[in-house]
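As the structure lists them, so they are numbered: ligands from 1, and atoms in each ligand from 1. Computation of the quantities below employed the complete heavy-atom set of this structure, encompassing side-chain atoms and omitting hydrogens, waters and symmetry-equivalent molecules.
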Amino acid sequence: MEFVRELFKSGNAFVARLALIAGIGGFLFGYDTGVVGGALLFVKKDLHAGNLGQQAIVGSILLGAMFGAVIAGYLADAISRKWTKVISGSIYVFGALASAVSMTTWELVGSRFVLGLSVGTASFVGPLYISELAPKRLRGGLVSFNQLMITSGIAVAYLVNYFLKDATWNWRWMLGLGAVPGLALAIGMFFVPHTPRWLIEEADDREAADEVLMRARDDDEEQVEEELDQIEEVAKEEASLRELFAPRVRKMLLVGLGLAIFQQIVGINTVIYYAPTILSFAGAGAGSALAMTAVVGLTNVLFTIVAILLIDKLGRRVFLLVGTGGVIVSLAALGVFFVSKSLQHSAGWLALVSLIVYIASFAVGLGPVFWLMISEIYPLRVRGPAMSVATVANWGANFLVSFTFLTLTTTITKEGTFWLYGAIGIAAFAFFATLVPETKGRSLEAIEGDLTSLSGEHGRERVGASAD
Ligand code: BGC
């Protein structure tokens, strides 16, 4: 595999190590997403949480994440991507321990809001950090390490829930164990360098940027000088938040928001949070529903690896469109399953197969491509704030879908709910097909030039430029 072979070059191996460390933020995001369903089973008995309390426990992290993403949009520029993530890891440790020792529902809700601040921050500053260091030919795969860590976090949480279900203080352990990766993130990020883009744009330190890039590009001086020149050129232009709404950036803001919102409103987190419930709707007993959920979690990880290996070769659009197509078909099938009583009796496997096709399609498409593309399509001057806007929208849509799912299944029926998500999938497909650009193999500065139609040199990839 070409991607894997490339990682053996020492510069690329260096960037891959940094990507893995930054990706621990993705792991925290996934761990929290996956752990709460299992923990809740015990929390509700122990802390006497009613429906409102349980919804608040699930929802507080999503609200916290929206706030976290807003704050991080500012911090990522002001104090750097690196320090923002050190803070995010530290807050996570605090939030995980506070969750584990909570004595009342509302203490837990508060602790999970704090965790949300950390998760919301880490969710986009990770992809941002990686994309600004990665060589353009491997950027898709390397940034998607973050999504691999998200899916691994979800899978590990499912396992932790399974193994700890009979332990004393089970839910306290489940939630508290998150402090371990939190600590790893805070310590790991302490030792990584800043990104060359941040060093030039915010710290005005070309020398330091040169040092980092030399290491990341195997001391290829010509290549490094060229990259630094390009970064300097786009950094020189006047920075202002108002630029976020300039017509040329507005279109990309729309693309980012479309990706962010569609990623959630095709119903991904109903599957992640409620897979056992969906499978028990389909007649599976509690034990087998949990085992099947593990299969769903594993499929998510495996197909994310497929995307990592191929996304720089085949491009983002192919994965986005094929993946969204798979999401539409599997949602339609899930609806058919729920509408037909005879299928429910004779073909229980159809629900599981539909869920597996759904998650595999999401894992090669919208899962990694959303986070990747928002790290690629915005001009350097507004990259932090613009990614923050898309991320807030993503968490907001996550909140909306998670809170309406069970109500929808009772008001418009189960089949109606999945068909609704499927119809949204069709709208998403049309949006992606018409508006989302291909960014494979282009430097961030060249993408910026293309998308904003600047006339500067960086708008075109120079012919004969050494491939990085
Ligand atoms: C999404 C999450 C989702 C996860 C599932 C991420 O890209 O942003 O909301 O839970 O993928 O793998």
Side-chain angles (χ1 to χ4, degrees), residues 23 25-38 58-59 61-66 68-69 116 119-128 130 140 143-158 256-275 278 293-308 311 316 319-320 323-324 326-327 330 355-375 387-388 390-403 405 421 428:
F27 186 91
L28 300 177
F29 169 0
Y31 185 81
D32 235 289
T33 303
V35 86
V36 68
V58 177
I61 198 160
L62 303 176
L63 284 181
M66 288 169 73
V119 168
T121 304
S123 60
F124 83 87
V125 184
L128 170 61
I130 303 169
V143 173
S144 301
F145 272 19
N146 191 68
Q147 177 71 13
L148 180 62
M149 297 290 266
I150 297 176
T151 56
S152 308
I154 295 173
V156 168
Y158 285 164
L257 282 175
L259 284 163
I261 294 172
F262 280 128
Q263 194 211 35
Q264 293 297 322
I265 63 178
V266 295
I268 178 62
N269 284 308
T270 65
V271 172
I272 301 286
Y273 300 140
Y274 297 107
I278 295 174
T293 305
V295 174
V296 170
L298 207 65
T299 308
N300 198 7
V301 175
L302 287 179
F303 279 83
T304 305
I305 296 177
V306 172
I308 288 181
I311 203 160
R316 285 59 163 148
F319 279 101
L320 189 59
T324 307
V327 160
S330 50
L355 281 186
I356 288 183
V357 173
Y358 175 88
I359 204 82
S361 308
F362 183 87
V364 294
L366 266 168
V369 174
F370 159 61
W371 295 108
L372 169 60
M373 292 217 63
I374 62 164
S375 75
M387 284 184 80
S388 146
T391 306
V392 173
N394 184 264
W395 285 104
N398 186 340
F399 184 78
L400 187 80
V401 174
S402 311
F403 274 82
F405 174 63
Y421 296 150

Quick one: which ligand 1 atoms are inside 4.0 Å of a heavy atom on [X]?
| X | value |
| --- | --- |
| Gln264 | 1 (C), 2 (C), 8 (O), 9 (O) |
| Thr151 | 12 (O) |
| Ile154 | 5 (C), 12 (O) |
| Trp371 | 6 (C), 7 (O), 8 (O) |

Next item on the list: Only pairs at least two apart or in different chains count here, so list each side chain to side chain donor-acceptor pair (under 3.5 Å) that has a residue in residues 145-155.
Entry: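 Not a single pair qualifies under side chain to side chain donor-acceptor pair (under 3.5 Å).
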
For [atom], closest protein heavy-atom neighbour:
| atom | result |
| --- | --- |
| atom 8 (O) of ligand 1 | Gln263 OE1, 3.0 Å |
| atom 10 (O) of ligand 1 | Asn269 OD1, 2.7 Å |
| atom 11 (O) of ligand 1 | Gln147 NE2, 3.1 Å |
| atom 12 (O) of ligand 1 | Asn300 ND2, 3.0 Å |

Notebook entry, point to check: Is it true that Phe124 and Trp395 have ring centroids separated by less than 6.0 Å?
Noted result: no

Next item on the list: Would you please determine whether Phe29 falls within less than 4.0 Å of ligand 1 on a heavy-atom basis?
Entry: yes

Margin query: Tell me every residue that passes side-chain hydrogen bond (donor to acceptor under 3.5 Å, both in side chains) with Ser375, counting only those two or more places apart in sequence or in another chain.
Written below: none

Check: Is there side-chain contact between Val143 and Trp371, with heavy atoms separated by less than 4.5 Å?
Finding: no

Checklist line | Interatomic spacing from OG1 in Thr299 to CZ in Phe362 - rounded to 0.5 Å | finding: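 Going from the OG1 atom of Thr299 to the CZ atom of Phe362 covers 14.0 Å.
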
Check: How does Phe362 reach ligand 1, by side chain, by backbone, by both or by neither, if only non-hydrogen atoms under 4.0 Å count?
Finding: side chain

Next item on the list: Output, in order, the C-alpha distance, side-chain angles, deciding distance and verdict of side chain to side chain contact (heavy atoms under 4.5 Å, CB included) for Thr324 and Phe262.
Entry: CA-CA 10 Å; Thr324 307; Phe262 280 128; over 6 Å; no

Notebook entry, point to check: Under 3.5 Å, side chain of Ser388 to main-chain N/O of Ala69, donor-acceptor pair present?
Noted result: yes

